[in-house]
Amino acid sequence: MEFFCYHRDRPGSLPLRHELLEEHWSYMDGFEKEMIARGPTMTSDGDSPTGSVHVVDLPDAAAAHAFAFGEPGYQAGVYRDVLVRRWRNLLDRTMWDFPGGRTGGNRYLVLGFGSGPGADLAVPQDGDELIAYGPLLSDDGTAWLGTAVLVRAPDPAAARAVLTVGAYDGIEVHKWQFGGRSA
């Protein structure tokens with residue numbers, strides 16, 4: 001089962017985040033085979049992290065919660081909150097398989113939150129710039145709760161346009177970059 005995890009930084013926690021970077025990476029290295037995508041969200045100028053995205057394939061919701069809440073930064077108080085949702089990988093690939101590579105262009109996390117019958121349940125026809133794409137679901141996979149997208153786009157408005165206008169209660173767009181250790 002695939003899960004989307006988004007740890008949002010607590011204001012003022014950047015020094016602690018930097019202090020724990022190696023512990024964070026080592027923890028994530030233990031999930032290398034399960035990792036579909038990872039990386040920090042950033043301030044609009046790209047200078048500082050604001051959160052941490054991890055999309056992982058784990059046995060069940062309990063394992064996903066253990067993964068998210070066992071993360072060293074969470075344990076030390078770096079994050080103000082954590083979103084953990086079941087997710088479905090509609091691209092059927094990892095971020096490392098993205099044809100656009102690790103660098104070049106602006107990249108964004110787009111989160112659409114909603115309820116009801118669901119929206120954007122198929123990959124858009126013009127999805128060449130999609131890095132990861134899929135619905136956010138309840139732990140049992142029966143209720144649609146939104147959509148999570150990692151996308152390369154020229155600007156936040158173009159990234160936001162990946163999701164259907166009017167189909168969500170709210171949409172967030174965050175600057176994002178490929179994560180993990182440098183090769």
**Item:** D9/R80 ion pair, N-O < 4.0 Å
**Value:** no
### Task
Flag the pair E172 and R8 as a salt bridge only when some basic side-chain nitrogen lies within less than 4.0 angstrom of an acidic carboxylate oxygen.
yes
Does a side chain donor of either [X] or [Y] reach within less than 3.5 Å of an acceptor in the other side chain?
X: H24; Y: E71; value: yes
X: D120; Y: T164; value: yes
X: T94; Y: D97; value: yes

Quick check on the hydrophobic clustering: are [X] and [Y] connected, directly or via other members, by side-chain heavy-atom contacts under 4.5 Å?
X: M28; Y: V53; value: yes
X: Y27; Y: V84; value: no
X: L21; Y: M42; value: no
X: F4; Y: V56; value: yes
X: V78; Y: L83; value: no

Measuring from [X]:[atom1] to [Y]:[atom2], what's the distance to the nearest 0.5 Å?
X: L14; Y: E19; atom1: CG; atom2: CD; answer: 11.5 Å
X: S115; Y: L145; atom1: OG; atom2: CG; answer: 8.0 Å
X: L20; Y: S26; atom1: CG; atom2: OG; answer: 11.0 Å
X: Y108; Y: H174; atom1: OH; atom2: NE2; answer: 12.5 Å
X: R152; Y: D128; atom1: CZ; atom2: CG; answer: 9.5 Å

Closest heavy-atom pair and its distance - [X], [Y]:
X: A153; Y: A159; result: CB-N, 3.7 Å
X: A119; Y: T147; result: O-OG1, 3.6 Å
X: N106; Y: P154; result: ND2-O, 2.9 Å
X: G77; Y: S13; result: O-CB, 4.5 Å
X: L58; Y: A63; result: CD1-O, 3.8 Å

Any non-hydrogen side-chain atom of [X] less than 4.5 Å from a side-chain atom of [Y]?
X: H7; Y: Y74; value: yes
X: P59; Y: M1; value: no
X: F98; Y: R93; value: yes
X: I171; Y: V110; value: yes
X: M35; Y: E32; value: no
X: V173; Y: L109; value: no
X: F31; Y: R38; value: no
X: L150; Y: L130; value: no

Any side-chain to backbone donor/acceptor pair from [X] onto [Y]? Under 3.5 Å, distance only.
X: R88; Y: L136; value: no
X: R86; Y: D140; value: yes
X: T43; Y: S48; value: yes
X: R17; Y: G51; value: yes
X: W176; Y: G39; value: yes
X: E2; Y: N89; value: yes
X: D60; Y: A64; value: no

Report the relative orientation of the aromatic rings in F67 and H54; use parallel for angles under 30°, tilted for 30 to 60°, perpendicular for over 60°. perpendicular
Practice item. Please state whether the rings of F69 and H65 are parallel, tilted or perpendicular, taking 30° and 60° as the class boundaries. Key: parallel
task: Apply side chain to side chain contact (heavy atoms under 4.5 Å, CB included) to L137 and T142, showing your working.
output: CA-CA 7 Å; L137 305 166; T142 61; over 6 Å; no
For this session: Starting from the C-alpha separation in whole Å, work towards a yes-or-no answer on side chain to side chain contact (heavy atoms under 4.5 Å, CB included) for Y133 and V162.
Result: CA-CA 10 Å; Y133 184 95; V162 169; 4.0 Å; yes
Counting only heavy atoms not in D45, do more than 12 fall under 6.0 Å of its CG?
yes
Which of T41, I131, V151 passes side-chain contact (heavy atoms from CB on, under 4.5 Å) with R107? It is I131
Which of F113, Y168, W87 passes ring pair (Phe, Tyr, Trp, His ring centres under 6.0 Å) with W144? Answer is Y168
